[in-house]
Amino acid sequence: MKKILIITLLVLCLVTSVFLCTACNDYSKTIGIIQFGNHESLNNCYDGIIIGLEEAGINKDNGYTIDLQVSSFDSSISAAQAQSFANKNVGLVAAIATPSALAAAGAVKGDIPVVYCAVSDPISAGLTEMENVTGSSDLLDCEGQVQLIKSFIPTVDKIGIIYCTGEPNSTSQLASMEAEAAKENIEIVSVSIGAGNEIMTALNYLLATEGLDCISNLTDNTVVGCLDTILEEANKVNIPVFGSEIEQVKGGCLAGVSLDYVELGRLTGLMIAKIIGGETIVKGDYITVSDSEKVYNSEVAASFGLAVPTNIDLRQAN
């Protein structure tokens, strides 16, 4: 009997110590960041967030920890990472790209502030209806993109677009591109994918389309994460690809309308600092960064035998 009592007491002590250790873990000064995947524009967002936080004095010197989690373009991984942050009750969750933002907001259920970065259309994504959620939008200049394509290919009739159904913003961007293209009597040929592993099937269909003049990217992270494959296959059949920001153009796209994603991240970092400082999030509020520039890759233009247009403001990216 005495032996049983001793064992019981030991078990109770062990359980109590586990609970006490859990209670001692204070994550209130942890900023959890979920980045949907690794490509340059999202990396630039992260770098910008850190710059903004440092500018506002939020860093390890005053006790703050940054916990970066990258989701490898997989929404289920984003969801698991978000739940981990919710379980730890971190001070704030920052989410780079729409799938990460939706995962974060869904996991914390308004109990922890969520600040997103690079969400093109927060309204269509449903983020403006959620409590304790705000952030920054990277609105694609669809009119500028269509005009840029026309400047390089004046006879353009068909533009191909691949988009991921798992990214709600891509649907609204596609609609905007279709509307702008229709004004110029240009047809948009679109193909949807559910995940990055479907990119070759989509490309095979798109590149076999008769009369296709080019491909244009949206700010669709799943698709942009497959940029190397897109460029390789499109180059084989002499189809130029237009990017949706400067890093894609540096990487081999012909041209694109680009935001400054480091600046977008910096502004988001400053928002995070204000919220950490006690500023209340107003439901539905977010900032939009839409100032953009048109950039081109001179080597790619030369490889396609295309003259660099002089009727629009262009900056060389490479």
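Computed from a prediction, not measured in an experiment: that's the story for all the values here.
Here the rule is side-chain contact (heavy atoms from CB on, under 4.5 Å) with Pro168, and of Val119, Asp121, Leu102 only Leu102 fits it. For the side-chain contact (heavy atoms from CB on, under 4.5 Å) test with Cys253, the passing option among Ile230, Val295, Leu227, Ile246 is Leu227; the others fail.
Side-chain atoms of Asn44 do not come within 3.5 Å of backbone N or O of Val262 as any donor-acceptor pair. At least one donor-acceptor pair closer than 3.5 Å links the side chain of Asn62 to the backbone N or O of Gly57. For the pair Thr134 (side chain) and Val115 (backbone), a donor-acceptor distance under 3.5 Å is absent. With Gln81 contributing its side chain and Val70 its backbone, the two residues share a donor-acceptor pair below 3.5 Å. Using a distance-only test at 3.5 Å, with no hydrogens or angles considered, a donor-acceptor pair links the side chain of Ser244 to the main chain of Leu218. Side chain of Gln83 to main chain of Ala79: no donor-acceptor pair is present (N/O by atom type, distance under 3.5 Å, no hydrogens or angles). Between the side chain of Gln145 and the backbone N or O of Val257 there is at least one donor-acceptor pair closer than 3.5 Å. Proximity of a side-chain donor or acceptor of Asn297 to a complementary backbone N or O of Val249 within less than 3.5 Å is detected.
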Trace of the side chain to side chain contact (heavy atoms under 4.5 Å, CB included) decision for Leu306 with Val300: CA-CA 9 Å; Leu306 294 171; Val300 175; over 6 Å; no
Steps toward side-chain hydrogen bond (donor to acceptor under 3.5 Å, both in side chains) verdict (Asp74, Ser76): CA-CA 6 Å; Asp74 187 328; Ser76 65; 2.5 Å; yes
Stepwise side chain to side chain contact (heavy atoms under 4.5 Å, CB included) check, Ile159 with Leu212: CA-CA 6 Å; Ile159 299 172; Leu212 186 74; 6.0 Å; no
Derivation and outcome, side chain to side chain contact (heavy atoms under 4.5 Å, CB included), residues Lys236 and Glu233: CA-CA 5 Å; Lys236 287 178 183 177; Glu233 297 302 313; 3.2 Å; yes
From CA spacing to verdict: side-chain hydrogen bond (donor to acceptor under 3.5 Å, both in side chains), Asn169, Thr98: CA-CA 7 Å; Asn169 291 335; Thr98 308; 2.3 Å; yes
From CA spacing to verdict: side-chain hydrogen bond (donor to acceptor under 3.5 Å, both in side chains), Gln35, Asn43: CA-CA 8 Å; Gln35 182 176 316; Asn43 295 341; 2.8 Å; yes
Criterion side-chain hydrogen bond (donor to acceptor under 3.5 Å, both in side chains) on Asp220 and Gln173, from CA distance to verdict: CA-CA 9 Å; Asp220 184 307; Gln173 286 184 64; over 6 Å; no
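For the residue pair Thr219/Ser120, the side-chain donor-acceptor check at 3.5 Å is satisfied. Looking only at atom types and distance, the side chain of Thr222 has a donor-acceptor partner in the side chain of Glu167 under 3.5 Å away. Using a 3.5 Å distance cut-off with no hydrogens or angles, the side chains of Asp67 and Gln69 do pair a donor with an acceptor. With no hydrogens or angles considered, a side-chain donor-acceptor pair links Ser28 and Asp26 at under 3.5 Å. Side-chain atoms of Glu184 and Gln147 form a donor-acceptor pair, as typed in the model, at a separation below 3.5 Å. Side-chain atoms of Thr65 and Thr30 form no donor-acceptor pair, as typed in the model, at a separation below 3.5 Å.
Annotation for Leu270 and Gly52: closest pair CD2-O, 3.4 Å, computed over non-hydrogen atoms. Summarising the geometry of Tyr163 relative to Ser190, their closest heavy-atom pair is CE2-CB, 4.0 Å, with the distance given to 0.1 Å. Of all non-hydrogen atoms in Pro113 and Gly91, the two that sit nearest each other are CD-O, 3.5 Å. Ser298 and Gln316 get closest at one heavy-atom pair: OG-NE2, 3.4 Å. Closest non-hydrogen pair, Ile215 versus Ile239, comes out as N-CG2, 4.0 Å. When all heavy atoms are compared, the tightest approach of Lys283 to Glu129 is CE-O, 3.1 Å.
More than 12 heavy atoms of other residues, nucleotides or ligands shown are found within 6.0 angstrom of NZ on Lys158. Residue Asp291 qualifies as open at atom CG: its count of foreign heavy atoms under 6.0 Å is 12 or below. Heavy-atom neighbours of Asp313 CG from other residues, nucleotides or ligands within 6.0 Å: at or below the threshold of 12. For Tyr205, the OH atom counts as loosely surrounded, since its 6.0 Å shell holds 12 or fewer non-hydrogen atoms of other residues, nucleotides or ligands.
The CD1 atom of Ile276 sits 5.5 Å away from the CG atom of Leu92 when rounded to the nearest 0.5 Å. To the nearest 0.5 angstrom, Ile272 atom CD1 is 11.5 Å from Tyr64 atom OH. The distance from the SG atom of Cys142 to the CD1 atom of Ile188 is 9.0 Å, given to the nearest 0.5 Å. Atom CD of residue Glu54 and atom NZ of residue Lys60 lie 9.0 Å apart, to the nearest 0.5 angstrom. In this structure, CG in Asp138 is found 13.5 Å from CD in Glu263, a value given to the nearest 0.5 Å.
Between Phe242 and Phe152, the ring planes lie perpendicular to each other; the angle is over 60°, past the 30° to 60° tilted range. Using cut-offs of 30° and 60° for the angle between ring planes, the Tyr116 and Tyr286 rings count as tilted.
Placement of Val146 and Val189 in two distinct hydrophobic clusters is found when ILVMFWY residues are connected by side-chain heavy-atom separations under 4.5 Å, directly or transitively. In this structure, Leu174 is a member of the same hydrophobic cluster as Leu148, with clusters built from ILVMFWY side-chain heavy atoms closer than 4.5 Å. Taken together through direct or relayed side-chain contacts under 4.5 Å among Ile, Leu, Val, Met, Phe, Trp and Tyr, Ile287 and Leu140 form parts of separate hydrophobic clusters. With hydrophobic clusters built from ILVMFWY side chains whose heavy atoms lie under 4.5 angstrom apart, Val114 does not share a cluster with Ile77. Leu231 and Ile162 fall within the same hydrophobic cluster, where Ile, Leu, Val, Met, Phe, Trp and Tyr residues are linked whenever their side-chain heavy atoms come under 4.5 Å apart, directly or through other members.
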